[in-house]
Structures are given as C-alpha cells and as structure tokens.
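Notes for the one structure printed next.
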2 protein chains.
Amino acid sequence: MAQARMAARQRGEEQTRARILGVAAEWFGAHGYAATSIRDIAREVGVTVGAIYVHFPSKDRLLVAVYEEGVRRIGEAVDAVPATVPPWERLEAAARAHLDALFDNAGFARVIVRVIPTDVPEAAKDLRRLRHGYEARFRRLVDALDVAPGFDRTLLRLQLIGALNATQAWYKQGGGGADTKSIASQFVAALRTGAASGKGRRG
Amino acid sequence: MAQARMAARQRGEEQTRARILGVAAEWFGAHGYAATSIRDIAREVGVTVGAIYVHFPSKDRLLVAVYEEGVRRIGEAVDAVPATVPPWERLEAAARAHLDALFDNAGFARVIVRVIPTDVPEAAKDLRRLRHGYEARFRRLVDALDVAPGFDRTLLRLQLIGALNATQAWYKQGGGGADTKSIASQFVAALRTGAASGKGRRG
DNA sequence: GGTATAAGTGAACGTTCGTTCACTGCACTC
DNA sequence: GAGTGCAGTGAACGAACGTTCACTTATACC
C-alpha cells in the first residue's frame with residue numbers, strides 16, 4: 001500500500017517532468033532556443049515557472065535534457081534498421097527513419113537540427129558530444145558502402161544528412177508533395193547512381 | 001561646393017547605414033534573430049540605439065533589409081556563372097558560388113540560411129518572397145539538366161540546396177578539410193553520376 | 001546670419017526575461 | 001499525530017529587451 005502510493009506519486013512526478021520535456025522540445029524545435037521562454041513552456045504545461053526549476057536547474061540544462069532525449073529517440077529509430085540489409089538499402093532505410101523521427105509530432109529530433117551548439121555556450125560541449133554520438137551511426141553506415149574512388153566518404157555523409165535535415169525548412173506533412181519514404185528513396189538513389197540521364201552522365 | 005558637401009554628407013549617412021546593415025548581418029547570421037539585440041548591433045557599430053532607429057523603423061525591418069542585401073549578393077554571385085557552360089557544369093559553378101557567398105566574411109548570405117521566415121511573423125511574408133526569388137535561379141538551373149526518368153527535379157534541387165546550406169554547420173574556413181570548390185564539385189558529381197562503385201551501382 | 005533638415009545622443013518607457021525564495025499542500029515515516 | 005520531504009505556488013528580483021522622444025549638433029539653403 002505504501003509502496004503503491006509511492007509509485008503513484010513518483011508516476012505523477014515523472015509525468016510533470018516528462019510533460020515539461022515534451023513541451024520544451026516542441027518550442028525549442030519550432031521557435032529556437034532564444035525565442036522560447038521558460039514562461040512559454042510553463043504556460044503550455046499548465047504549471048508555474050517555479051515548477052520548471054523543481055525539475056531542471058536552468059534553461060540550458062533543460063535544453064540539454066531535451067537534446068539527450070532527442071538523440072535517444074532518433075538513434076533508436078535508425079538502429080531499428082536490420083543489419084542484414086545490404087549497405088545502400090540500409091542507408092536508405094536509415095535516412096527514412098531519420099526523416100520520420102524529424103517529423104513525428106513530438107519534435108524532439110527537430111531540436112537537434114535547429115539548435116546549433118554554439119548558440120548556447122553554457123551547453124555547447126554537451127550538445128556537441130550528443131550530436132557526435134548520433135552522427136557516428138551514419139558514419140558507420142557510409143563506411144560500409146562501396147564508394148567509387150575520388151569520393152570522400154565524410155563529404156558524402158554530410159551531403160546526405162544536410163539534405164535530410166534541410167527538409168525541415170520546406171516539408172509539409174500530409175500535403176500533396178512527396179512523403180518521407182519517397183524523399184529518402186530519391187535522395188539515396190541520387191547519391192548512389194546519379195540523377196543524370198544517359199546524355200548528361202559524362203561531362 | 002554645396003553639391004560636394006551634400007555628397008560628402010550623404011556618403012557619411014550611407015556609411016553609417018551600411019555599417020549597421022553589415023553588423024546586423026554578422027549577428028543575425030551568427031547568433032540568429034532572437035538572440036541578437038538592437039543594443040548588440042549598436043555597440044559594435046559604435047553608435048547609440050537611437051541611431052539604429054534613424055535608419056530602420058524596427059528590428060524586423062532591419063532584418064528584411066539585411067535579407068534583401070543578402071539575396072542580392074548571393075544572387076549576383078550565382079548569376080555571374082556564364083550561360084555558355086553546359087547544364088551540369090553550370091550547376092556545379094553555381095553551387096560553388098553559393099558556397100563562397102555563404103562563407104565570405106560579410107555574412108549576409110548566412111542570414112538567409114539561418115533565419116527561417118516563420119521565426120519573425122511580422123516579416124515572414126517579405127522573407128518568403130525574397131527567398132523564393134533566389135531559389136528560382138536554381139530551379140532554372142535544374143530544369144536545364146538531363147535528368148533520368150523517375151527523378152523529381154524539385155527534390156533534386158532541394159537536396160542540393162539543403163546540403164549546400166547545411167555546410168554552414170560544420171565547414172571551417174582555412175582548416176585542413178575540403179575547400180568550397182571541392183565540396184561543390186563532389187556534391188554535384190554525386191548527384192550527377194552517383195558515388196557508388198561498380199559493385200554498389202545496382203541493388 | 002537666421003532658419004530648416006536630418007543624423008545622432010542619452011535617458012527613459014513599459015514589458016519580458018531567467019532565476020530565486022518563502023511558502024503551501026500532501027504523502028509518507030515513526 | 002508530530003515530523004520529514006518534496007512537488008508545486010506566487011510573488012518578487014535585477015537585468016535586458018524593443019521602442020520612443022526631447023534634445024544637441026552640423027550642414028545646406030535663403
């Protein structure tokens with residue numbers, strides 16, 4: 001009985017903390033770090049500003065917590081791709097998982113793309129470390145590819161991740177445009193075999 | 001004589017206005033719109049905050065003016081590519097011009113990548129119009145390409161621009177890494193003929 | 001020389017920012 | 001049932017924000 005109440009209470013606590021984290025992710029991802037105030041978050045969660053500081057010591061630590069959760073989620077999605085799939089197909093599946101994480105309604109992944117580490121000097125070191133941990137997954141995926149001589153794998157990786165992250169600026173969910181599957185498919189196909197027709201293949 | 005003084009005075013005026021514009025471009029591009037204050041700009045220009053408002057009616061109008069100048073500069077750089085060059089080579093040259101504009105010391109072009117129109121509702125309409133005007137150049141460049149059936153030209157354009165703009169997050173000038181020429185070259189080459197070696201070209 | 005014009009000053013305005021803190025309410029222990 | 005511990009409150013803190021305005025200064029015009 002005592003344990004049950006304790007558990008219920010802890011659940012309640014965690015719910016508030018999780019809700020703060022979720023709202024913070026939405027706002028940091030949609031409007032950026034500087035443009036989001038602690039009061040914006042508190043208002044949307046339905047608590048007072050003081051309640052935020054019960055769970056997080058400062059605004060920048062809240063950001064780090066959001067970043068951490070974002071990296072965890074998007075990393076989980078990319079890791080779910082079976083290792084048995086051939087390299088280029090695996091990269092395509094990872095690209096699609098990355099896109100889907102970027103556009104799920106939670107918005108945790110968006111923060112990683114939107115908030116640049118140097119924007120928040122007090123948290124820059126942590127943010128860089130978290131980013132690096134995630135990008136290592138794509139590094140491994142790209143290392144497994146058969147790449148023609150003359151192509152730099154690092155540039156190839158940055159080209160793909162850059163294009164994927166930039167979708168955030170124009171992609172509209174549910175609109176008449178392409179879905180994440182076809183975007184990932186074409187992006188990887190272009191990098192793999194090229195988009196030029198026979199005439200344009202040699203310059 | 002009167003005309004000479006008039007000219008000198010106007011030159012002085014324009015110098016202050018131009019300096020405000022330049023510093024604003026640096027700060028908006030490096031730290032974002034919300035994280036840059038009018039006082040930051042005034043301090044670096046060496047004038048008081050009131051002086052800013054002599055030349056620009058509000059912070060968001062200052063942003064629009066910076067955006068306008070940024071679009072003008074990067075557009076000029078891309079337009080300088082000779083029309084006689086074959087389509088894929090022209091795209092590569094434009095990509096390099098885009099990168100160079102992004103990394104010149106002025107930082108006007110950086111603002112266009114960094115500040116998303118929706119971030120500043122009062123200026124969103126103007127910013128979108130200016131962006132659209134610039135992107136139309138790349139649309140024309142991509143329309144001129146020989147593209148294999150099954151590839152969406154719009155996605156192809158967004159993939160290239162996205163990857164180019166994302167370089168801002170990692171590219172370090174003068175470092176040991178690739179220069180803008182080789183980045184543009186590989187990005188376009190990958191999209192044109194693919195990066196896969198013989199083994200990986202068919203899935 | 002007197003007057004108009006416009007750049008730039010410096011101080012102030014009301015608001016919002018991140019953060020703090022004494023306090024309340026409630027679930028738990030002994 | 002007194003005492004402990006912690007989530008959450010509500011008001012306040014000083015600082016910084018965008019913006020305004022009466023004013024000074026310097027030049028151009030008559």
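So that the names make sense, note that chain A is the first sequence line, chain B the second, and so on, each numbered from 1.
Atom CD1 of Ile52(B) is separated from atom C1' of dG10(C) by 15 Å (rounded to the nearest Å). dG18(C) atom C1' lies 11 Å from atom CD1 of Ile41(A), rounded to whole Å. Atom-to-atom, CG of Asp40(A) to C1' of dT15(C) comes out at 14 Å; the value is rounded to the nearest Å. Distance Arg17(A) CZ to dC6(D) P: 16 Å, rounded to the nearest Å.
Interatomic distance, CG of Leu130(B) versus CD of Glu135(B), reported as 11.5 Å (0.5 Å rounding). Atom CZ of Arg139(A) and atom OH of Tyr134(A) lie 12.5 Å apart (nearest 0.5 Å). To the nearest 0.5 angstrom, His98(A) atom NE2 is 8.0 Å from Leu160(A) atom CG.
At least one side-chain nitrogen or oxygen of His55(B) sits closer than 4.0 Å to the OP1 or OP2 atom of dG8(C). Not one side-chain nitrogen or oxygen of Thr16(B) sits closer than 4.0 Å to the OP1 or OP2 atom of dA7(C).
Thr154(A) meets the side chain to side chain donor-acceptor pair (under 3.5 Å) test with no other residue; sequence neighbours excluded. In this structure, the side chain to side chain donor-acceptor pair (under 3.5 Å) partners of Asp126(A), at least two apart in sequence or on a different chain, are Arg61(A), Arg129(A).
A salt bridge does not link Arg114(A) with Asp119(A): none of the charged nitrogens is closer than 4.0 Å to a carboxylate oxygen. With respect to the salt-bridge test (charged N to carboxylate O, under 4.0 angstrom), the residues Asp104(B) and Arg110(B) do not qualify. For the pair Lys181(A) and Glu92(A), the salt-bridge criterion is not met [side-chain N within less than 4.0 Å of a carboxylate O]. Contact check on Glu76(B) versus Arg72(B) returns a salt bridge, with a Lys/Arg side-chain nitrogen under 4.0 Å from an Asp/Glu carboxylate oxygen.
Within residues 21-30 of chain A, no residue approaches DNA chain C, by heavy-atom distance under 4.0 Å.
Annotation for Ala94(B) and Val81(B): closest pair N-CG2, 3.9 Å, computed over non-hydrogen atoms.
Each ring pair (Phe, Tyr, Trp, His ring centres under 6.0 Å) pair with one or both residues in residues 29-51 of chain B, not counting sequence neighbours, appears once here: Trp27(B)-His31(B), Phe28(B)-Tyr33(B).
Counting non-hydrogen atoms under 4.0 angstrom, Val54(B) reaches a base of the nucleic acid.
Take the nearest nucleotide of DNA chain C for Ala51(B) and for Ala35(A): the residue whose nucleotide is more 5' is Ala51(B).
Over its length, the helix from dG1(C)-dC30(D) to dC30(C)-dG1(D) turns its helix axis by 0°, as judged from the five terminal pairs at each end, rounded to 10°.
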N/O-N/O pairs, protein side and nucleotides 18-20 of chain D side, under 3.5 Å:
unit_1, atom_1, unit_2, atom_2, d
dG18(D), OP1, Lys59(B), NZ, 3.0
dG18(D), OP2, Ile38(B), N, 3.0
dG18(D), N7, Arg39(B), NH1, 2.8
dG18(D), O6, Arg39(B), NH2, 2.9
dT19(D), OP2, Tyr53(B), OH, 2.6
dT19(D), OP2, Lys59(B), N, 2.9
dT19(D), O5', Tyr53(B), OH, 3.3

